[in-house]
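All remarks here apply to the structure that follows.
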Protein chains: 2
Amino acid sequence: MSDLLERLRGRGWRLTAQRRVVAEVLDGDHVHYTADEVHALAAERLPEISRATVYNTLGELVTLGEVIEVSTDGRAKRYDPNAHHAHQHLVCARCGTIRDVHPSGDLLADLPTQERYGFAISAVEVTYRGLCPDCAA
Amino acid sequence: MSDLLERLRGRGWRLTAQRRVVAEVLDGDHVHYTADEVHALAAERLPEISRATVYNTLGELVTLGEVIEVSTDGRAKRYDPNAHHAHQHLVCARCGTIRDVHPSGDLLADLPTQERYGFAISAVEVTYRGLCPDCAA
DNA sequence: ATCCTACATTGGACATTGTCTAAGTCAAGA
DNA sequence: TCTTGACTTAGACAATGTCCAATGTAGGAT
């Protein structure tokens, strides 16, 4: 992720303090924050950053394909910076924790043509649900 | 679905006009309404029905396993009465239309043990995304 | 058939998450 | 350094969902 800013600048992104802070917050492994969490963490470094800017920046990162938006349930969307490695999600039904997982098998091939209803399918998402060790205890 | 009310009464459900109307609205094939749509349709038959009751009833039906809650994206959840046949969903990324589909393959077996992080996995959901024929045109 | 009462419904306030806008600010090229 | 169009901000607004106290009622008991 350290070269993310470089990549974005190459695409004509204007590099502002706010965008830099948001990108820094998303840096790291197994990070799946909500927009509000990103805002809180960003505000630790840049207290005046507004919610609107965080939403804007996250939306741009999603559009650019640098970050994936994960809607686990009715709760807030989470943002996953691990966009360059195909993966799926394992979600705790109780506390909402997310882990990245890598199932085997060709998910797209599993859907017969006659079940595609003429759709141009562009993505397959798999969500495994269950209780994490802490919540199961 | 016609025997749904019987089944629910057998479980001690008090049968009210409101609950009957909500169940009737959900009756049918390939129905994936949002809570607000259910409320609007129910209100056609029972104008005084409140939003709270629709939310309560949908929640109960989900808890009882008669209806499945589908969170397609950041939009409103949709309610799928086809709970007794395992199936997955095909969603149009543009208009939000949902079709029920039945992929082959054992999705649960596709996740290696070492990728389960000690979770007790209880469900697997697959969402295929793409553009429906209308939106692709 | 009528009465009781626990359960269901109602309306509206409230909460959460996200979007939009007008006005001010600033990064970066000239 | 100047200029300008893109960026940020605060706060109003919107969409969806939850909660509560007051009221109503289904269905068993009498």
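A, B, ... follow the sequence lines: proteins, then strands. Residue 1 opens every chain.
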Figure out the [atom1]/[atom2] separation between [X] and [N], and round it to whole Å.
X	N	atom1	atom2	result
A/Asn56	D/dG11	CG	C1'	14 Å
B/Asp36	D/dA14	CG	C1'	12 Å
B/Trp13	C/dT9	CH2	P	8 Å
A/Glu48	D/dC7	CD	C1'	15 Å
B/His39	D/dT18	NE2	C1'	15 Å
A/Leu46	C/dC26	CG	P	12 Å
A/Arg11	D/dC7	CZ	C1'	19 Å
A/Arg78	C/dG18	CZ	P	10 Å

Member of A/Val70, A/Val91, A/Val101, A/Leu90 meeting the side-chain contact (heavy atoms from CB on, under 4.5 Å) criterion with A/Thr127: A/Val91
Answer yes or no: does a side-chain N or O of [X] lie under 4.0 Å from OP1 or OP2 of [N]?
X	N	value
A/Arg19	D/dC7	yes
B/Thr53	C/dT10	yes
B/Tyr55	D/dG17	yes
A/Gln18	D/dT9	yes

Side chain of B/Ala52 - closest among C/dA28, D/dT9, C/dG11: C/dG11
Candidate nucleotides D/dT16, C/dG18, C/dT10, ranked by approach to the side chain of A/Ala35 - the nearest: C/dG18
Residue pair A/His102 / B/Glu115, side-chain donor-acceptor N/O under 3.5 Å: yes
Side-chain donor-acceptor pair present, B/Asp80, B/His87, cut-off under 3.5 Å: yes
Hydrophobic cluster identity match, A/Tyr79 and A/Leu41, side-chain contacts under 4.5 Å: yes
base_contact_polar (C/dT19 base, A/Arg51 side chain, donor-acceptor, <3.5 Å): yes
Check: C/dC7 base within 3.5 Å donor-acceptor of B/Arg14 side chain: yes
Step-by-step ring-ring contact (aromatic ring centres under 6.0 Å, His included) determination, B/His32 to B/His89: CA-CA 11 Å; B/His32 299 95; B/His89 292 112; 5.5 Å; yes
Sugar-phosphate only, base, or nothing, as touched by A/Thr16 at under 4.0 Å among non-hydrogen atoms: sugar-phosphate
